[in-house]
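What you see is a predicted model, and the numbers here were worked out from it, not measured in a lab. Naming: A, B, ... by sequence-line order, numbering from 1 per chain. Side chains are part of it too, since the values below use all heavy atoms of this structure and drop only hydrogens, waters and symmetry mates.
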Protein chains: 2
Amino acid sequence: MATELFGQTGYRGTAIAEVAIRAGLTLPGLLHHFGSKEALLLAVIEQRDADSEAYATELLGREGQLRLPSIPDFAGRNKERPGLAKLFTVLVAESLEPNAPGHEHFVDRYRALRAIVADMIIAGQQDGRVRKDIVPKLKAAEILATLDGLQTQWLLDPDEVDIVESASAYAENLERDLTAGL
Amino acid sequence: MATELFGQTGYRGTAIAEVAIRAGLTLPGLLHHFGSKEALLLAVIEQRDADSEAYATELLGREGQLRLPSIPDFAGRNKERPGLAKLFTVLVAESLEPNAPGHEHFVDRYRALRAIVADMIIAGQQDGRVRKDIVPKLKAAEILATLDGLQTQWLLDPDEVDIVESASAYAENLERDLTAGL
DNA sequence: GTTCACCTACCGTCTTATAGGTAAGTGAAT
DNA sequence: ATTCACTTACCTATAAGACGGTAGGTGAAC
């Protein structure tokens with residue numbers, strides 16, 4: 001309920017009274033459970049993060065190996081729940097300022113995601129499945145950046161940008177890039 | 001003035017009275033010139049777009065040719081004016097919803113940018129400087145996505161992500177990707 | 001003397017949050 | 001089994017403030 005509204009109108013643009021009504025109670029009833037608007041936001045983020053765990057695990061495969069073909073699958077799953085993707089995009093933007101409510105959370109999250117992807121790349125390099133002149137940290141940031149950016153373009157203009165098609169093409173490019181020159 | 005505040009706290013999070021004060025006048029004084037908050041936003045976007053023209057032109061070079069080495073230069077210029085970059089990121093996120101104030105503007109802008117980059121790629125393919133099995137539309141979306149995504153990660157965590165370094169590495173990767181196999 | 005730029009004063013609305021109360025349940029003591 | 005103490009889950013009512021916008025006036029420029 002809160003997830004949808006925060007995703008549609010952002011943190012600042014959402015009145016928690018509306019969240020309460022959709023949840024079938026009044027504003028004070030909602031605040032009885034969460035204490036404040038910011039606490040509600042953090043609760044939403046936390047719940048959403050369980051889902052985000054799947055992000056890394058899916059990219060990772062079971063044993064820390066790169067599984068590029070799962071990228072479009074993941075994009076496809078987002079396609080069916082655009083609210084969650086929108087929530088993510090909007091909240092990150094609203095959290096850019098250092099003193100914003102969710103700032104530290106998203107900073108930590110991106111650091112963790114970059115580290116996970118970088119470790120995958122390193123593992124691939126040690127196994128000889130990934131080119132050694134790739135800088136893991138930079139490539140990790142680039143991969144996450146591309147997927148986020150494609151998602152934003154899709155959310156903004158779903159008629160023009162097909163997230164699954166874009167993600168598939170990118171996954172192929174990425175595979176060729178990582179393995180170029182054996 | 002308005003650019004900075006909209007960039008820091010977004011459209012919804014910015015009180016136009018604060019904009020007025022920073023501009024050295026009162027709220028009604030500001031509204032005398034712009035009429036409404038939404039009109040102020042559109043004026044800010046329009047002014048910012050002059051700057052954004054440079055984006056395409058710089059990427060494009062003078063005669064519609066790809067100029068990848070200018071990507072890190074462009075990133076470096078953004079680095080000195082993070083307010084502008086932040087404004088862009090925040091406003092796009094706030095405009096995802098179809099009825100949001102700047103929605104159509106950003107939809108059009110991304111369509112135009114994708115078209116410009118795609119045309120560049122097509123020109124490169126005709127000149128034989130770019131691989132022919134690249135799909136121009138998809139690659140254009142991917143390039144813009146990566147640059148946007150890197151910028152977001154940098155804005156969120158400037159200590160960990162160096163936008164110039166990231167953009168440089170990406171530009172090199174991109175060059176290799178576009179020209180792979182002659 | 002009319003237009004333009006701007007001000008003070010104010011309105012109505014929306015929003016978060018609190019105060020204080022009610023109803024229902026839980027668990028222990030008797 | 002019933003009473004009592006207490007907690008939980010809400011409610012109505014209201015405070016307290018921020019916000020966008022308007023009305024109407026003042027003063028200077030031309």
**Prompt:** Rounded to whole angstroms, how far apart are CZ on B:R12 and P on C:dT15?
**Reply:** 12 Å
**Neighbour count >12 (heavy atoms, 6.0 Å) for atom CD, B:E160** = yes
**Phosphate contact (D:dC10 OP1 or OP2) by A:H32 side-chain N/O below 4.0 Å** = no
**Message:** Could you check whether A:R67 pairs with A:D73 (Lys NZ or Arg NE/NH1/NH2 to Asp/Glu carboxylate O, under 4.0 Å)?
**Reply:** no
**Request:** Identify whether any heavy atom of B:L27 sits under 4.0 Å from a base atom; if not, whether one sits that close to sugar-phosphate; answer base, sugar-phosphate or nothing.
**Result:** base
**Prompt:** Does any N or O in the side chain of B:R12 come within less than 3.5 Å of the main-chain N or O of A:T9, such that one atom is a donor and the other an acceptor?
**Reply:** yes
**Item:** Atom-to-atom span, CD1 of B:I16 to C1' of D:dG20 - whole angstrom
**Value:** 6 Å
**Message:** From CG of A:L5 over to P of C:dT15, roughly how many Å is that when rounded to an integer?
**Reply:** 11 Å
**Prompt:** Can you name the closest pair of heavy atoms from A:I16 and A:L31 and give their distance?
**Reply:** CD1-CD2, 3.8 Å
**Request:** State which of D:dT22, D:dA13, D:dG21 makes the closest approach to the side chain of A:P28.
**Result:** D:dA13
**Request:** Describe the nucleic acid contact of B:L25 in one word from base, sugar-phosphate, nothing, applying a heavy-atom distance below 4.0 Å.
**Result:** sugar-phosphate
**Request:** Nearest whole angstrom, please: distance from the C1' of C:dT16 to the NE2 of A:H33.
**Result:** 18 Å
**Message:** Without decimals, in angstroms, what is the distance between A:L40 CG and C:dT15 C1'?
**Reply:** 14 Å
**Prompt:** A:L30 has an atom CG; how far is it from atom P of C:dA17, in whole Å?
**Reply:** 10 Å
**Request:** Quickly work out the B:L31 CG to C:dA5 C1' distance and round it to whole Å.
**Result:** 13 Å
**Prompt:** Tell me: CZ of A:F34 to P of C:dT18, nearest whole Å?
**Reply:** 16 Å
**Prompt:** Has A:T26 got a side-chain N or O lying under 4.0 Å from the OP1 or OP2 atom of D:dC10?
**Reply:** no
